[in-house]
A.B. asks: 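This structure is in structure tokens; I'll ask about it shortly.
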Amino acid sequence: MLTVDFDRLGLGAGALVLDLGCGSGRHACAAVERGARVVALDADPGCLGGVAAVAAAMAEAARIG
């Protein structure tokens, strides 16, 4: 479940997003799907590995470029 309304923020292709405290990366990945460039940061290295795995799976499924 997303807790950010990207439509309300006007987030679209080419936007640059900083997801600080990204956790599992659900918001970062949703922003990437909308065409944003995202920097995802978290203090837990395990979270970053999970975000990288999700992003790789999304790219493989052609959900992101």
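Remember, it's a predicted structure, so these values are computed and weren't measured experimentally.
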A.B. asks: Please identify each residue that fulfils side chain to side chain donor-acceptor pair (under 3.5 Å) with Arg26, with sequence neighbours left out.
C.D. replies: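 Arg26 satisfies side chain to side chain donor-acceptor pair (under 3.5 Å) with no residue once adjacent residues are dropped.
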A.B. asks: Going by the rule salt bridge (charged side-chain N to carboxylate O under 4.0 Å, His left out), which residues pair with Asp7 if we only count those two or more places apart in sequence or in a different chain?
C.D. replies: Arg34
A.B. asks: Salt bridge (Lys or Arg N to Asp or Glu O under 4.0 Å): which pairs involve residues 37-64, sequence neighbours left out?
C.D. replies: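 Matches after skipping sequence neighbours: Glu33-Arg63.
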A.B. asks: Linking Ile, Leu, Val, Met, Phe, Trp and Tyr through side-chain heavy atoms less than 4.5 Å apart, which residues share a cluster with Ile64?
C.D. replies: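 Besides Ile64, the hydrophobic cluster comprises Leu2, Val4, Phe6, Leu9, Leu11, Val17, Val32, Val38, Val54, Met58, listed by chain and residue number.
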A.B. asks: Closest approach of Ala40 and Ala28, non-hydrogen atoms and distance?
C.D. replies: CB-CB, 4.2 Å
A.B. asks: Going only through I, L, V, M, F, W and Y residues with side-chain contacts under 4.5 Å, is there a path from Leu20 to Val39?
C.D. replies: yes
A.B. asks: Would you mind listing every side-chain hydrogen bond (donor to acceptor under 3.5 Å, both in side chains) that reaches into residues 15-25, with sequence neighbours excluded?
C.D. replies: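 Found none.
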